[in-house]
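Worksheet for the structure shown next.
All figures in this text were calculated on a predicted structure; none of them were measured in a lab.
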Amino acid sequence: MLGDYLYALRLLAAISGIVTTCLVMLLGWQIGKAVAAWFAGLFWGLSPVVVEHNNFAIPDPLLYFTCALTLNLVVFAWLNRQHLRRISAALLISLGTGLAAIYLKYSAVYVFIPWGMVLVVMLHQDFGIQSARRQKLVWVGLYTTIFLLAVGYLLFVYGAVNLNNNEAASIRGAGMLTVVTAMFDYQRLLHNLTFAIWPIGVGFFVGLVVLGVGATVLNRFIVKGQSVTSDWLIGALLLYTLGCLVITSAYFDLGARLPTDPRDITISFVRHVLPATIAFCVIGGAAVAHVTVLLQRLVSQHQSVQAFVPVVVGAVMTVLFGLEALPRTILNFNMYRLPDTRVITWQWADNNLPLDGNIALVRGEIQSTWNRYWGGYDGKKAFPWWFTDTLPSFATLQSSDLQQLGIAYVALTDNEYLEFTSNTDTQPLFQTLTPIKHIAASSTVYGPGVYIFRTFPPQRQVASVIFNDEIAFTGYDLDSTLYYPGDTVAFRPYWRAVGTPSANYSMFIHLYKVEEQMLITQYDGNPSQPDRLTQLWDDPDELIIGQQVSLTLPGDIQPGRYRFAVGLYNYATGERLKLANGDDHWSLLLTIQAP
């Protein structure tokens, strides 16, 4: 059921991504006609960063859709500003789509910057005419009522400020003053601006803008031609992007360095600035439109040549952008064709790790492994996780400290593991962790190698207990060796495969009185987690964690000493596996006292 739910969300995200690309093209058409439309859609639709983030089962793809739709409606309203009914209706609909954007992500109030600018234009025009003024005030009253009702519901009924998200948590934790101060931190603004342009290519976009500005200046002052775009609309888009970056900077700083590896396109926080990328795509398309129009006017005496200018410019710019974006997009698609180590990791964890606590992760390549919406995790177990930057420094921690924090596992990439273990400050922690599994990187898989550690070892170690030279019994958890009648014995075994077992074996646990063979109570089942059959134990270095067995003692059991016997057998034949000494089980002594 959950898988169907996630599939539906991803399908909705993919469909909204396609529609958003069409809306970006439509926005380019309204601002700069065909050339601007083509390149605005190309920059958005072919960008590997956008393609990647536009398919996650999270609200952001729908946010991009509502932002693009709102901008289109606002531009339509401005272009029809001489028609009161058209501009008023367009503003009403865009008010609804803008509110939808805010409901999807509460910080998206920047969509109302161009909306408010057009509203001012509407009010200013013919305001001195009484009949027009009366109609406009009615529309403004309607807008105000809808806006206040929507915001009031969001704040006082839905309780947006008290939600557990980054924005609300920042306001509650750091305080409003700190949040407002962060908005105008020029370094954060510059970092986030860079990441907003990154999907297009920072150097490529800057070059387009320089060419576009140069073409605009030449058009106006040398060629004396009419501008292909409206300065007012470009200004509105720039203010919209500024608003997006200022508000995003209040909560996030995407950092000073862009990724150098073309495969590193999944950066979770970049999604917060992609609404600004929509406007940058249109501005880039408008820049190409200005260059195209200038060249057409320069060769206006040669009509046969003039007709080919848009084709030539379009081809050249498409190739330049495609040379950068297309290989990364193809690489992005191809990486999903190979088995991904993150998928292998979560499938292994779902089948092998008991839900004993949180998983500690570094923000990086595997940060979304157990995130159902970002990583696509579809396992039966819901693994909670914590990022290491929210925990005390690893240099000050021992495994017992992690246990007290509710951390049962630590998952690291090969590079992260090497970094921690080569650092003398963090080495002591990793000497106290228990290695469980290493999922290796190779040419046949995509993604990093992954190490999984457990923060606590088996409570008791066992040496040289090997069944049939196939399976080693290496340790166990046992809450006590002293019990009373009616108590429950909680036991968990730990195993290693000496070699891949030749059959799927079952485990038995029998309780006998010492020196007697009469069975008191027993358990039979899989020696590991229920979905991990022994013939799948193919890694000698893996520590296999058994499921916890609860064995309830009879209420009338006699006090004394008892043998707790553990063994393996072939379920199909009933044949028990032997130890090196010929025994068919390993045992320990339990004491049962009278109540």
Side-chain angles (χ1 to χ4, degrees), residues 344-345 347-357 359 381 399 408-411 433-440 450-479 481 489-511 522-551 563-590:
I344 297 170
T345 299
Q347 290 173 340
W348 174 85
D350 196 42
N351 290 331
N352 293 277
L353 295 184
L355 285 170
D356 290 340
I359 301 175
K381 299 174 183 175
S399 59
Y409 307 102
V410 177
L433 297 178
T434 302
I436 304 176
K437 177 72 173 178
H438 179 232
I439 293 158
V450 181
Y451 283 94
I452 307 290
F453 297 89
R454 192 168 166 89
T455 58
F456 42 91
Q459 291 176 356
R460 294 171 174 82
Q461 304 287 337
V462 176
S464 303
V465 178
I466 301 176
F467 291 91
N468 271 30
D469 292 326
E470 293 183 88
I471 297 176
F473 175 54
T474 62
Y476 60 93
D477 295 338
L478 186 68
D479 50 357
T481 56
V489 180
F491 174 81
R492 168 173 281 154
Y494 293 81
W495 313 88
R496 290 189 189 274
V498 178
T500 302
S502 58
N504 288 321
Y505 299 119
S506 295
M507 176 182 67
F508 67 84
I509 298 175
H510 291 173
L511 187 68
Q522 71 179 78
Y523 168 86
D524 287 85
N526 196 336
S528 62
Q529 299 298 308
D531 294 330
R532 185 75 184 276
L533 302 178
T534 55
Q535 281 189 304
L536 300 176
W537 297 9
D538 55 0
D539 181 1
D541 295 324
E542 178 184 349
L543 179 63
I544 298 167
I545 305 172
Q547 58 183 312
Q548 183 161 298
V549 175
S550 297
L551 204 64
R563 286 187 299 120
F564 188 84
V566 180
L568 298 171
Y569 67 97
N570 187 321
Y571 179 81
T573 64
E575 180 183 1
R576 293 187 178 183
L577 278 64
K578 302 289 187 180
L579 300 175
N581 62 6
D583 290 345
D584 61 7
H585 66 273
W586 170 90
S587 63
L588 63 89
L589 293 177
L590 301 182

Exercise for the section: Taking the six-membered ring for Trp and the full ring for Phe, Tyr or His, determine whether the centres of Y505 and W537 are under 6.0 Å apart. Expected result: no

Practice task
Measure across E470 and S502 and return the closest heavy-atom pair with its distance rounded to 0.1 Å.
Solution key: OE1-N, 2.7 Å

Exercise for the section: Using atom types as modelled and distance alone, determine if a side-chain donor or acceptor of R460 lies under 3.5 Å from a backbone N or O of Y476. Expected result: no

Problem - D356 vs R492 side-chain heavy atoms within contact, under 4.5 Å - result: yes

Problem - Backbone of W348 reached by a side-chain donor or acceptor of K437 within 3.5 Å - result: no

Handout entry: Minimal non-hydrogen separation, N351 against Q529, with atom names
Key = O-CB, 3.1 Å

Exercise for the section: Would you check if W495 and L568 make a side-chain contact, meaning some heavy-atom pair closer than 4.5 Å? Expected result: yes

Handout entry: Atom of S528, atom of R532 and distance for their closest heavy-atom approach
Key = OG-O, 2.6 Å

Problem - Main-chain N/O of N570 paired with E575 side-chain donor or acceptor, under 3.5 Å - result: no

Problem - Residues D524 and Y569: side-chain donor-acceptor under 3.5 angstrom - result: yes

Exercise for the section: Please report the C-alpha distance between T474 and V462 in whole Å, then the side-chain angles of each, then the deciding distance to 0.1 Å, and finally whether the side chain to side chain contact (heavy atoms under 4.5 Å, CB included) criterion is met. Expected result: CA-CA 5 Å; T474 62; V462 176; 5.8 Å; no

Exercise for the section: Give the minimum heavy-atom separation between P457 and D477, together with the two atoms involved. Expected result: O-OD1, 4.2 Å

Handout entry: Rounded distance [0.5 Å steps], CD1 in I439 versus CD1 in I452
Key = 6.0 Å

Problem - Q522 side chain near I509 side chain, heavy-atom distance below 4.5 Å - result: no

Problem - 4.5 Å side-chain heavy-atom contact, N468 and K578 - result: yes

Handout entry: Under 3.5 Å: donor-acceptor pair, side chain of W586, backbone of V465
Key = no

Handout entry: Close aromatic pair by centroid cut-off 6.0 Å: F473 and F467
Key = no

Handout entry: Pairwise side-chain contact, L551 with F491, heavy-atom cut-off 4.5 Å (strictly under)
Key = no

Practice task
Return yes when atom CG of D531 has more than 12 non-hydrogen atoms of other residues, nucleotides or ligands closer than 6.0 Å, and no otherwise.
Solution key: yes

Handout entry: Side-chain donor or acceptor of T500 paired with backbone N/O of D538 under 3.5 Å
Key = no

Handout entry: Y451 vs L433, side chain to side chain contact (heavy atoms under 4.5 Å, CB included): CA-CA, chis, key distance, verdict
Key = CA-CA 11 Å; Y451 283 94; L433 297 178; over 6 Å; no

Practice task
Apply side chain to side chain contact (heavy atoms under 4.5 Å, CB included) to R454 and I545, showing your working.
Solution key: CA-CA 10 Å; R454 192 168 166 89; I545 305 172; 3.7 Å; yes

Problem - R496 side chain to D541 backbone, donor-acceptor under 3.5 Å - result: yes

Exercise for the section: Using modelled atom types only, decide if a donor and an acceptor are shared between the side chain of T534 and the backbone of A503 within a distance under 3.5 Å. Expected result: yes

Problem - Atom pair CD (Q461) and OH (Y494), whose distance is rounded to the nearest 0.5 Å - result: 9.5 Å

Exercise for the section: Please step through side chain to side chain contact (heavy atoms under 4.5 Å, CB included) for the pair L577 and D584, ending with a clear verdict. Expected result: CA-CA 6 Å; L577 278 64; D584 61 7; over 6 Å; no

Handout entry: Donor-acceptor under 3.5 Å (N504 side chain, Q535 main chain)
Key = yes

Completion exercise
On a heavy-atom basis, the closest approach of D350 and K381 is OD1-N, 2.9 Å

Practice task
Measure up the F508 and H510 rings against each other and bin them: parallel (under 30°), tilted (30 to 60°), perpendicular (over 60°).
Solution key: tilted

Exercise for the section: For the residue pair L589 and T481, establish whether any side-chain heavy-atom pair is separated by less than 4.5 Å. Expected result: no

Exercise for the section: Check whether any side-chain N or O of D583 sits under 3.5 Å from a backbone N or O of L579 as a donor-acceptor pair, and report yes or no. Expected result: no

Practice task
Using a 4.5 Å cut-off on heavy atoms from C-beta on, say whether the side chain of L590 contacts that of L478.
Solution key: yes

Practice task
Determine whether P435 and F453 make a side-chain contact, defined as any pair of heavy atoms from C-beta on separated by less than 4.5 Å.
Solution key: yes

Exercise for the section: Could you pull out the closest heavy-atom pair between I359 and A411, with the gap in Å? Expected result: CG2-CB, 4.0 Å

